[in-house]
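Scroll down for the structure; my scribbles are underneath it.
Sequential numbering from 1 along the given sequence is applied to the chain's residues. Basis for what follows: all heavy atoms, side chains included, without hydrogens, waters or symmetry-related copies. Just follow the structure's listing: the first ligand is 1, and inside any ligand the first atom is 1.
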Amino acid sequence: MEKINVPEIFGSLVFNERVMKERLSPEVYASLKRTIDENVRLDEAVADAVAAEMRDWAIEHGATHFTHWFQPLTGVTAEKHDSFIEPTPEGGVIMAFSGKELIKGEPDASSFPSGGLRATFEARGYTAWDPTSFAFIKGHTLCIPTAFCSYSGEALDKKTPLLRSMQAINRQGMRIMRLFGNDDVKHINTSVGAEQEYFLIDKKMYELRPDLRYTGRTLFGARPPKGQEMDDHYFGVIKPRVSAFMEDLNKELWKLGILAKTEHNEVAPAQHELAPIYSTTNIATDHNQLTMEIMQTVAKQHDMICLLHEKPFAGVNGSGKHNNWSISTDTGINLLSPGETPHENAQFLLFLCAVIQAVDDYQDLLRLSAATAGNDHRLGANEAPPAIISVFLGEELTGILNAIKNDAPYEGVEKVQLKLGVHALPRFSRDTTDRNRTSPFAFTGNKFEFRSLGSSNSIACANIMLNSAVAESLRQYADELEQAEDFQAALHDLIKRVIVEHERILFDGNGYGEEWVKEATEVRGLSNLRTTPDAMPHLLDKKNVEMLVRHKVFTEAEIHSRCEIMLENYCKTVNIEGLTMVDMVRKDYLPAIEEYLYTLARAVESIKNVSPSVKCRYEISTIEKLTDLTDKILDAVEELEKALQDVKNSGTDVITTSGMIRDEMLPRMEKLRGYVDAAEMLTSGKYWPVPSYGKILSSV
Ligand code: ADP
Ligand code: MG
């Protein structure tokens with residue numbers, strides 16, 4: 001086996017601090033560092049110097065091109081490659097790259113979704129270097145992480161609002177830091193570790209399935225005799241082919257400075273997970289996008305396909321993404337970790353309250369940040385958290401909050417009257433905080449784990465909402481506490497009040513149960529936004545717009561554009577699925593069943609020729625059942641075609657259209673699938689036009 005020197009390859013394709021320090025003059029380095037750490041504008045001379053070094057370094061590492069790498073609202077990353085070459089008068093070329101080219105690019109904005117922003121504002125867009133995320137090399141291209149905006153300044157991407165939300169939580173969090181007298185803290189930051197689930201299947205199987213190729217998921221497929229019910233895949237032995245893939249994947253990720261750390265099999269057959277060590281939210285987001293891309297590339301090199309769809313196979317657990325999130329200071333203190341002293345603990349409880357209140361006040365924003373056509377198949381389907389957002393704290397922390405609420409002694413580790421700022425809190429171990437896997441938002445010792453995200457989601461959206469909502473709680477707390485005459489007393493009252501007011505969002509029970517849906521919606525008044533068309537329009541709710549605009553995360557126009565784009569994505573996705581189903585039924589399934597029927601009919605004829613008294617019960621009953629099914633399939637496909645046509649004629653209001661898709665198309669797709677899957681069970685495998693679930697899931 002090839003030996004890998006991890007420390008040597010780690011970050012070898014990244015223009016990181018080490019490289020900068022090595023290659024830039026001390027003045028240029030210091031100036032760039034100020035830009036990175038303190039958001040100070042970079043002057044042009046410095047940009048030129050950085051660009052020149054970046055170019056030389058990139059060329060030494062085999063790059064011939066550069067690109068502004070950005071995250072438009074399509075959900076995937078975009079890049080347009082320019083080579084470094086510049087002609088010389090003698091007919092040759094030199095390799096050139098200026099500070100201007102580093103700082104700003106002008107991709108054609110019209111080919112990216114803008115949700116009406118373009119019509120209202122400017123057609124052109126530009127990309128701007130984000131120096132807080134390091135440049136890196138992919139293939140022969142130097143990739144420069146950038147934000148993507150319209151010329152009038154509206155964000156056309158996911159990075160811009162994410163950076164704005166990080167500034168918002170920093171702004172409000174710093175006010176709290178000052179109140180607690182943490183004068184050494186200059187900055188607070190949010191960190192994220194995104195656990196990524198995925199499926200690996202053989203490339204040959206993939207190529208034989210039009211549904212996988214066009215939509216990323218199987219639209220048909222009878223359940224295999226053996227699925228995940230044996231629970232023998234989770235943490236099981238990794239197959240050699242998969243382990244070779246993981247080895248290469250790690251190597252590629254490490255070269256890009258991505259801290260790929262753990263990998264294991266997941267619950268479903270052919271399903272796996274990769275988790276990185278957490279980093280700053282912005283970087284974690286860039287890295288997760290890269291991770292998804294590289295997973296797909298490396299899989300192909302191993303003749304496999306990496307499926308990132310949330311629900312590639314019906315009846316088999318889908319794939320999600322866990323967004324582990326915490327807030328910390330530049331001095332290295334995790335504000336979601338109970339500290340050593342009572343003073344630190346009061347601060348911890350205040351930040352804890354800020355998160356609890358944020359999740360309660362903005363349930364809908366968190367829910368919609370994970371809403372896509374693909375993820376609708378998972379949430380609430382007893383394999384992923386329900387669509388109802390709630391917070392899991394664990395017994396110990398719940399006990400502490402109850403004690404504060406009731407001014408009662410805390411019956412936990414020590415029997416003491418809890419007075420904020422006086423007593424130390426126990427440390428929470430993973431064991432007491434992470435038992436509940438059914439909660440969408442769980443406290444896991446020193447961080448929160450938001451588990452609603454789908455495997456193909458960008459994590460940007462969820463973190464934008466989370467950062468902004470928590471910034472809003474902190475803003476309210478700072479407003480109140482800054483006016484207080486007795487800080488300790490005011491703090492105690494505030495925390496107590498928040499617990500009372502937002503208790504309804506706390507739930508440690510079974511999130512999969514029917515009883516919870518009833519209790520959450522009927523008793524507690526929590527929202528249950530089951531599908532994307534249910535959830536997404538809430539982005540436009542007054543309270544949400546006000547909050548996001550107040551913290552300068554979005555403009556009102558940006559919010560409208562995003563709602564429209566997300567719903568458009570939903571409509572397009574399901575529409576393609578519907579069309580693919582029609583296509584497969586008419587071109588593949590019906591002709592295949594027909595062929596099998598013909599074989600059976602011929603068999604009956606031949607057998608009866610030989611022996612007229614034979615009943616041919618198997619052949620004839622199969623013929624009867626299958627012809628009944630082909631009739632039903634025909635009716636169902638015609639109904640689906642009609643729904644597709646109705647949707648097409650439904651006009652331009654995307655909220656209405658998405659509702660039609662949810663109510664008219666999806667149920668018909670489900671019905672059609674049912675008949676085709678039933679026919680699959682009756683048809684000889686030899687005649688079935690696509691590989692079965694069993695074959696695909698055991699293909700690697
Ligand atoms: P699991 O949830 O799979 O049992 P862990 O809790 O150890 O495993 O880690 C899950 C993810 O949470 C990892 O990506 C890890 O880096 C990340 N993580 C750990 N601590 C923090 C933190 N303070 N802030 C954000 N993410 C964190
Ligand atoms: Mg986890």
Side-chain angles (χ1 to χ4, degrees), residues 10 162 165-166 169-170 173 187-198 233-236 238 246 249-250 253-254 256-268 271-292 295 317 319-339 344 347-348 351-352 354-355 358-359 384-385 391-394 397 427-453 455 457 459-460 462-464 466-467 470:
F10 190 83
L162 180 65
S165 75
M166 291 167 68
I169 198 169
N170 173 51
H187 203 89
I188 76 158
N189 240 325
T190 53
S191 306
V192 167
E195 301 165 64
Q196 176 74 47
E197 291 181 340
Y198 59 97
H233 192 253
Y234 192 52
F235 281 20
I238 299 174
M246 286 177 172
L249 174 63
N250 280 337
L253 295 176
W254 288 337
L256 291 173
I258 297 173
L259 293 153
K261 170 89 173 158
T262 38
E263 52 202 25
H264 57 77
N265 287 353
E266 265 299 329
V267 180
Q271 192 185 33
H272 312 279
E273 181 188 288
L274 180 137
I277 297 174
Y278 65 98
S279 50
T280 313
T281 309
N282 178 31
I283 309 231
T285 306
D286 285 358
H287 281 182
N288 183 250
Q289 291 298 130
L290 273 174
T291 300
M292 292 194 284
M295 276 176 168
N317 268 12
S319 302
K321 182 137 60 190
H322 289 175
N323 190 81
N324 294 272
W325 180 92
S326 65
I327 327 173
S328 57
T329 67
D330 61 333
T331 53
I333 295 168
N334 179 351
L335 297 165
L336 293 179
S337 180
E344 286 170 336
Q347 188 175 289
F348 159 73
F351 277 91
L352 182 75
V355 178
V359 177
V391 177
F392 171 93
L393 290 182
L397 200 46
R427 287 241 161 215
F428 308 105
S429 68
R430 280 292 304 263
D431 292 345
T432 56
T433 55
D434 198 25
R435 281 197 212 109
N436 189 327
R437 309 299 289 180
T438 67
S439 173
F441 204 93
F443 181 70
T444 49
N446 60 1
K447 63 186 191 301
F448 276 96
E449 188 167 334
F450 182 33
R451 299 179 174 139
S452 302
L453 272 75
S455 46
N457 282 168
I459 61 170
N463 288 295
I464 291 168
L466 197 47
N467 290 345
V470 175

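For the atom pair CG of L256 and NE2 of H287, the computed distance is 7.5 Å after rounding to the nearest 0.5 Å. Expressed to the nearest 0.5 Å, how far OG1 of T262 lies from CD of E195 amounts to 7.0 Å.
Counting atoms of ligand 1 from 1 in the listed order, those under 4.0 Å from a heavy atom of G193 are 14 (O), 26 (N).
At least one heavy atom of E449 sits closer than 4.0 Å to an atom of ligand 1. By the 4.0 Å heavy-atom criterion, N334 is counted among the residues contacting ligand 1.
Remark: side-chain polar atoms of W325 are not paired, donor with acceptor, to backbone N or O of T190 under 3.5 angstrom. For the pair N324 (side chain) and G193 (backbone), a donor-acceptor distance under 3.5 Å is present. Proximity of a side-chain donor or acceptor of N463 to a complementary backbone N or O of I459 within less than 3.5 Å is detected.
If you look at H322 next to ligand 1, there are no close heavy atoms at all, none under 4.0 Å.
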side-chain contact (heavy atoms from CB on, under 4.5 Å) between I238 and M246, worked out: CA-CA 10 Å; I238 299 174; M246 286 177 172; 3.9 Å; yes
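Comparing heavy-atom distances from atom 22 (C) of ligand 1 across A442, S326, S279, S328 singles out S326 as nearest.
In terms of N/O distances under 3.5 Å, ligand 1 is not approached by I277. Taking any N or O of S191, backbone or side chain, none lies under 3.5 Å from an N or O belonging to ligand 1. Ligand 1 has an N or O atom lying under 3.5 Å from an N or O atom of E195, backbone or side chain. The N/O atoms of E273, backbone and side chain alike, include none that comes under 3.5 Å of an N/O atom in ligand 1.
Taking the six-membered ring for Trp and the full ring otherwise, the centers of F443 and F392 sit at least 6.0 Å from each other.
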